[in-house]
Each structure stands twice: as C-alpha cells, then as structure tokens.
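Here is the structure we will look at, set down as structure tokens.
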Amino acid sequence: MKYTPEQIINDPFLNKGTAFTQAERNQYGLNGLLPPAVQTLDQQVKQAYAQLTTKPTDLAKRQFLMTLFNENHVLFYKLFSEHINEFMPIVYDPTIADTIENYSALFVNPQNATYLSIDDPDHIESALKHSANGRDIRLLVVSDAEGILGIGDWGTQGVDISVGKLMVYTAAAGIDPSQVLPVVLDVGTNNEALLNDDLYLGNRHKRVYGPKYRSFVDQFVTTAEKLFPNLYLHFEDFGRSNAADILNEYKDQITTFNDDIQGTGIIVLAGLLGAMNISKQKLTDQVYLSFGAGTAGAGITSRVYEAFIEEGLSPEEAKKHFYLVDKQGLLFDDMSDLTPEQKPFARKRSEFANADALTNLEAVVKAVHPTVLVGTSTVPGTFTESIVKEMAAHTERPIIFPLSNPTKLAEAKADDLIKWTDGRGLIATGVPAANVDYQGVSYAIGQANNALVYPGLGLGTIASTAKLLTDSMISAAAHSLGGIVDPDEPGAAVLPPVSKLDQFSQTVAIAVAEDAVKHGLNQKPIKDAKQAVANMTWQPEYRPLPDSLEMDLGNKR
C-alpha cells in the first residue's frame with residue numbers, strides 16, 4: 001500500500017503532527033499540510049496538557065484525550081506517562097463508565113477497534129485482518145460487555161472497556177501500541193434502554209446464550225490464534241454465566257487471562273500480603289468473607305484459597321477459612337442455584353445452629369467473625385457501621401476491601417472504615433481514595449486497582465514468550481506487589497500507589513518472566529528474563545518512519 005501525505009498525518013501510528021522535522025516534511029510531502037514551526041515532543045506535551053486543564057469535567061477531559069489518542073499515539077502516551085496518577089481515573093475507571101454509557105451518542109471514531117457481530121460470523125477473519133492492517137498483534141483485549149465494571153450489560157458500547165484496558169497496558173507497562181487490538185463481541189444486549197435507543201450502534205436483539213454463543217466465541221478464538229500466533233488473549237467483563245467456563249476451556253491450551261477472575265484475585269491477594277506485612281500476622285490464620293459471589297467475588301476467593309494451599313494448608317483445611325455471601329445470604333451446599341465457582345466454598349448448614357437466619361451480611365459477620373471482608377457486591381453502603389464495628393470487635397487488624405466500582409456502588413467509604421475501626425483497619429478500595437487523617441495519623445488507602453498488576457503480568461508473559469499463563473506466574477505477580485509495602489510507616493497502605501504504576505509494572509513483569517523461564521514455559525531461548533522485559537518495553541518517543549513505507553506523493557513535493 002502506498003501512503004499519501006494526508007494518510008500519514010491521519011494515521012495515529014505514524015503521525016507526529018508539528019514534530020515532523022523539515023527533512024521529514026520534504027521527504028513525505030508534508031509541506032503546507034502543517035504549520036511551519038517544528039515542535040519537540042516535550043513542547044507538544046506541554047501544549048496538550050494546557051488544553052486539557054481547560055476542560056470542565058472528567059468526561060470532557062477523557063473526550064479530549066481520546067481525540068488525541070486517535071490522532072497521535074506517541075503524544076498521547078507521552079502525556080499519559082507524565083501524569084499517570086492524574087489520568088488513570090479519567091482514561092479508565094471511574095470516568096470510563098460514563099463514556100460507555102454514552103458511547104453511541106458520543107461516537108466519533110472507531111478507535112482502531114474491531115466490532116464482531118454474532119449475526120455475521122463469516123466476517124470474523126476479514127475484520128481482524130483489516131483491523132490489524134499487517135501489524136504484529138501480541139495482545140488482544142476482548143469483551144462481550146455483559147458485566148462491565150459495576151454497571152452491567154452495555155452491548156457493543158462495551159468496546160470502550162477494551163480500548164481503555166489497552167491504554168493502561170501501554171501507559172503502565174510499555175506494551176507497544178502497534179501490537180495491541182481491542183475487540184468487542186456483540187452478541188446482543190439485555191439492556192432495554194439500549195434496545196429502545198434510536199442512537200444505539202449495536203445489535204438490536206436480546207443476548208444470545210448457549211451453543212450459538214459458544215460457537216461464536218470459539219470461532220473468534222480459533223481465528224485470532226491463527227492470525228496472531230504470538231498472542232496473549234485477555235478476556236474482559238464477560239458475564240458470570242460465561243466468564244469462568246471460557247477461561248477454563250482455554251487456559252491450558254493458549255496464553256490467556258481473565259482480568260475479572262484472575263486479575264482482581266491477584267490484586268486482592270497482593271493487598272492481603274501487604275496487610276500481613278503490616279500486621280505481622282499469618283495469611284493462613286485469616287477468616288475470609290466475600291460479600292458478592294459472582295465472577296469477581298468467586299474468582300478472588302479462589303485465588304486467595306490457592307495461596308492458603310501454597311502456604312502449606314491442605315485443601316480441606318484451607319476451605320474452612322472461606323465464606324461466600326451473595327443476595328440469598330451465606331451460600332450453603334444444598335442451594336440449587338450455585339455456580340461451579342461457588343460450590344467449592346459453600347458451607348454445610350450443620351455447621352451453624354442458626355443456619356436459616358444467615359440470610360444477610362450482618363448475621364453472617366456475627367456468626368463467623370471474619371478477619372477479612374471483601375466486597376464485590378455493587379450494593380452501595382452495605383458495609384455499615386454496625387457490621388464493621390462487629391467485625392473489629394473480634395480482630396486486632398480488620399482487613400476491609402470494598403472493591404465495587406464506580407464510586408457510587410462502593411460498599412463503604414475509606415474514611416468511615418478508618419473511624420469505625422478506630423484506625424486499626426487495613427483498607428483498600430476499588431476506586432481512588434484520599435488519605436484519611438485520624439487522630440494525628442494520615443492513613444494511606446491502597447487502591448485495589450487491577451492496573452497495578454495486569455499490565456506487568458501481560459508484559460512479563462509476552463516478553464518471556466510463555467506458552468501459557470500459569471498459577472505459579474500469577475502467584476509470582478502477587479508476591480512481587482505485596483512485598484513492596486513499607487510496614488513500618490504509620491498509616492501505610494496495603495498496596496503500592498498508582499502514582500508509581502510504571503515502576504511497579506516492571507517489578508511485576510520481571511517476576512512473572514523469571515517464573516515462566518524457571519518452569520520452562522518460554523517458547524524462545526531466554527538467558528536473562530529481566531533483559532527480555534526491558535527489550536519488550538516500548539517508550540513513547542518519535543522514531544523515523546519505517547523504511548518500508550511507500551509514498552504516493554503526486555505533486556506534493
């Protein structure tokens with residue numbers, strides 16, 4: 001394919017905007033298509049940030065950043081890298097929820113994404129080929145958008161979650177943006193508001209389930225693996241009826257990852273390990289209660305349970321430490337509607353004298369005296385003062401992680417939890433939370449943000465050429481994060497700050513790559529895992545355009 005000068009300026013992978021040198025303008029016929037002044041990348045970043053600060057809301061800021069992303073990837077990521085802590089809640093959660101809910105109404109540009117429809121499976125291969133456009137795709141994030149964040153089913157509008165996730169992969173871990181591809185699987189939606197919206201851009205029918213759905217997913221996976229042989233396939237925000245089944249089908253066959261099941265589990269485990277560093281307690285002495293037993297809640301529980309076994313407990317001993325509470329109350333093994341992921345942790349009614357009364361969180365907390373309380377319920381305010389004080393009465397350092405997001409769905413606020421536990425609580429939240437000042441101590445609140453782990457996990461897996469993502473690699477990621485906490489600092493957070501996301505992503509990536517090489521999972525010879533990670537890390541800087549680029553200059557010179 002021959003490029004015209006206009007195509008270069010409109011290609012976000014090639015465009016440098018006003019940073020094209022005079023020599024490049026001469027070579028590629030760009031004279032007259034740009035203002036005469038030649039800027040440095042740093043000048044462009046300063047200029048773009050000044051524009052951003054004039055935007056009145058986070059949603060407006062995100063729209064500005066998305067426009068910049070669609071025009072110039074290097075400039076976007078250079079700006080992002082210099083303001084990671086400030087931009088994370090704008091580029092991703094919680095602001096991304098607003099853009100997903102308004103995606104069709106705000107639609108301007110497809111953002112190099114691939115939209116695959118269950119009504120048109122014959123075009124899966126051609127769509128992926130055209131979207132990749134000859135690029136060496138190493139990382140693909142795909143969603144069917146049934147379980148977006150805490151906001152549910154958003155159909156084809158959920159493509160923004162794939163786009164946003166990949167932005168974080170690049171900003172945090174330096175994965176080359178030319179090697180990534182966001183995909184949405186549009187299988188319909190059960191969101192009546194979307195189905196009745198004239199502007200909705202997705203399929204206007206109910207979600208498809210069952211054999212037709214699985215066949216569509218299988219066809220997508222098979223095609224993606226064929227087209228991109230070095231692929232790391234990331235599943236995102238699939239519904240509870242499909243997420244675990246899909247992961248279980250593929251995890252021992254290809255290099256794949258589900259962030260809701262595995263990623264959240266890693267970050268919660270890392271937070272628990274950080275809490276253990278602070279409290280000087282043993283992980284295997286904890287009593288773990290999950291409020292919310294869907295895809296995320298059950299997945300987190302499973303990851304923490306595996307850590308108990310790694311610490312030396314038998315499966316039978318480990319399970320005694322875990323309780324799941326969902327909308328029906330404590331989960332018991334005689335319930336007919338348990339998912340396969342819930343069944344291992346369901347309890348026997350014979351364990352409790354008042355089993356029939358354990359239908360709400362407070363009753364369960366009084367019965368089992370948890371030392372760890374994790375919320376993935378998306379039911380706001382459910383970690384009440386009475387529940388928290390009841391928990392704190394039975395453990396010296398209550399560990400409380402209200403993880404539901406966005407902010408309006410959180411089970412509790414960090415400042416309340418610090419006060420209700422008299423400063424003894426070890427707190428992590430699912431969304432950013434300010435430090436809490438209480439009785440002369442400033443308590444840093446860890447953010448149990450998957451972005452602390454999944455970018456580095458992906459980079460380490462890709463850099464090591466691992467043929468699978470194993471539990472051992474996942475454990476290595478969690479321990480690398482949990483060990484960063486400074487336990488001697490008053491009010492220390494249980495997790496490292498998002499502001500140093502790029503540094504910690506390298507820590508995670510190296511730990512994961514070393515574990516993959518240690519267990520012989522690398523498909524190419526690797527002598528130094530740390531160097532392999534460094535070699536794979538992309539930096540946002542302008543480079544010469546490819547020598548293979550053919551130009552159609554016409555009369556532009």
Side-chain angles (χ1 to χ4, degrees), residues 240-241 243-244 261 264-265 268-269 272 281-309 311 313-404 409-412 417 420-421 425:
R240 73 159 69 183
S241 63
I261 296 173
T264 312
V268 170
L269 175 57
L272 292 178
Q281 297 175 342
K282 288 178 60 179
L283 181 65
T284 51
D285 288 339
Q286 306 308 305
V287 178
Y288 183 101
L289 194 160
S290 175
F291 181 56
T295 299
I300 295 168
T301 302
S302 180
R303 178 62 258 169
V304 177
Y305 161 74
E306 291 295 335
F308 275 53
I309 294 175
E311 292 286 325
L313 295 190
S314 69
E316 293 75 18
E317 291 171 328
K319 285 180 182 178
K320 294 177 183 178
H321 293 254
F322 292 87
Y323 300 85
L324 298 184
V325 177
D326 213 74
K327 57 183 179 293
Q328 63 269 58
L330 184 64
L331 297 190
F332 289 107
D333 59 5
D334 60 357
M335 292 177 171
S336 60
D337 56 350
L338 297 179
T339 68
E341 292 69 43
Q342 294 169 343
K343 287 180 180 178
F345 303 103
R347 310 300 295 228
K348 294 185 179 299
R349 291 186 185 272
S350 58
E351 297 178 47
F352 303 92
N354 62 335
D356 291 342
L358 301 180
T359 57
N360 60 75
L361 179 61
E362 186 161 9
V364 177
V365 169
K366 289 179 178 178
V368 307
H369 298 157
T371 62
V372 178
L373 178 59
V374 175
T376 62
S377 68
T378 69
V379 183
T382 43
F383 291 0
T384 63
E385 182 175 0
S386 61
I387 288 174
V388 171
K389 286 186 172 180
E390 170 67 24
M391 177 184 177
H394 299 279
T395 178
E396 180 62 28
R397 299 304 303 266
I399 301 166
I400 308 175
F401 294 176
L403 302 184
S404 292
L409 300 180
E411 289 84 3
L417 295 175
W420 295 340
T421 61

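The first residue in the sequence is number 1, and the count goes up from there.
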Requested in this report: May I have the step-by-step check of side-chain contact (heavy atoms from CB on, under 4.5 Å) for L409 and V379, ending in yes or no?
Outcome: CA-CA 6 Å; L409 300 180; V379 183; over 6 Å; no
Query - salt bridge (charged side-chain N to carboxylate O under 4.0 Å, His left out) between R349 and D333, intermediate numbers included - result: CA-CA 8 Å; R349 291 186 185 272; D333 59 5; over 6 Å; no
In Å and rounded to the nearest 0.5 Å, what is the [atom1] to [atom2] distance from [X] to [Y]?
{"X": "T301", "Y": "Y323", "atom1": "OG1", "atom2": "OH", "result": "13.0 Å"}
{"X": "S386", "Y": "L361", "atom1": "OG", "atom2": "CG", "result": "9.0 Å"}
{"X": "S290", "Y": "F345", "atom1": "OG", "atom2": "CZ", "result": "10.0 Å"}
{"X": "D285", "Y": "T395", "atom1": "CG", "atom2": "OG1", "result": "10.0 Å"}
{"X": "M391", "Y": "I387", "atom1": "CE", "atom2": "CD1", "result": "11.0 Å"}
{"X": "W420", "Y": "K389", "atom1": "CH2", "atom2": "NZ", "result": "8.5 Å"}

Query raised in the report: Does the side-chain contact (heavy atoms from CB on, under 4.5 Å) test come out yes or no for Q328 and D337, once each step is laid out?
Result: CA-CA 10 Å; Q328 63 269 58; D337 56 350; 3.6 Å; yes
Where do [X] and [Y] come nearest, in terms of heavy atoms and distance?
{"X": "T284", "Y": "E311", "value": "CG2-CB, 3.5 Å"}
{"X": "F383", "Y": "A412", "value": "CB-CB, 3.7 Å"}
{"X": "A298", "Y": "E341", "value": "CB-CB, 3.8 Å"}
{"X": "T382", "Y": "S377", "value": "OG1-OG, 4.0 Å"}
{"X": "A293", "Y": "Q342", "value": "O-NE2, 2.7 Å"}
{"X": "T421", "Y": "A392", "value": "CG2-CB, 4.2 Å"}

With a 4.5 Å heavy-atom cut-off, do [X] and [Y] have their side chains touching?
{"X": "Y305", "Y": "P315", "answer": "yes"}
{"X": "L330", "Y": "L324", "answer": "no"}
{"X": "F291", "Y": "D326", "answer": "no"}
{"X": "L289", "Y": "V364", "answer": "yes"}

Report task. Would you sort out whether T295 and T339 count as a side-chain contact (heavy atoms from CB on, under 4.5 Å), showing the intermediate values? Result -> CA-CA 9 Å; T295 299; T339 68; over 6 Å; no
Tabulate below the donor-acceptor pairs under 3.5 Å that side-chain atoms of residues 365-376 make, not counting sequence neighbours, or state none.
unit_1	atom_1	unit_2	atom_2	d
H369	NE2	K366	O	3.2
H369	NE2	H394	NE2	3.4
T371	OG1	Q286	OE1	2.8
T371	OG1	V287	N	2.9
T371	OG1	V287	O	3.4
T376	OG1	G292	O	3.2

Query raised in the report: Do E362 and T384 have side-chain N/O donor and acceptor atoms under 3.5 Å apart?
Result: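 No.
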**Report entry** Side-chain donor-acceptor pair present, E411, S404, cut-off under 3.5 Å
**Finding:**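 E411 vs S404: donor-acceptor pair found between side chains.
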**Report entry** Donor-acceptor pair, side chain of N354 and main chain of A357, under 3.5 angstrom
**Finding:**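 Absent.
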Report task. Examine distances only and state if a side-chain atom of E317 and a backbone atom of S314 form a donor-acceptor pair shorter than 3.5 Å. Result ->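 Present.
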Query raised in the report: Does F352 have R347 sitting over its ring (NZ/CZ under 6.0 Å from centre, angle to axis within 45°)?
Result: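 Checked: cation-pi criterion not met.
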Report task. Indicate, with yes or no, if the rings of Y288 and F308 have centres closer together than 6.0 Å. Result ->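 Centroid distance Y288-F308: not below 6.0 Å, so no.
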Query raised in the report: Are F401 and V268 close enough, and set up right, to give a side-chain contact (heavy atoms from CB on, under 4.5 Å), and what steps lead you there?
Result: CA-CA 8 Å; F401 294 176; V268 170; 4.1 Å; yes
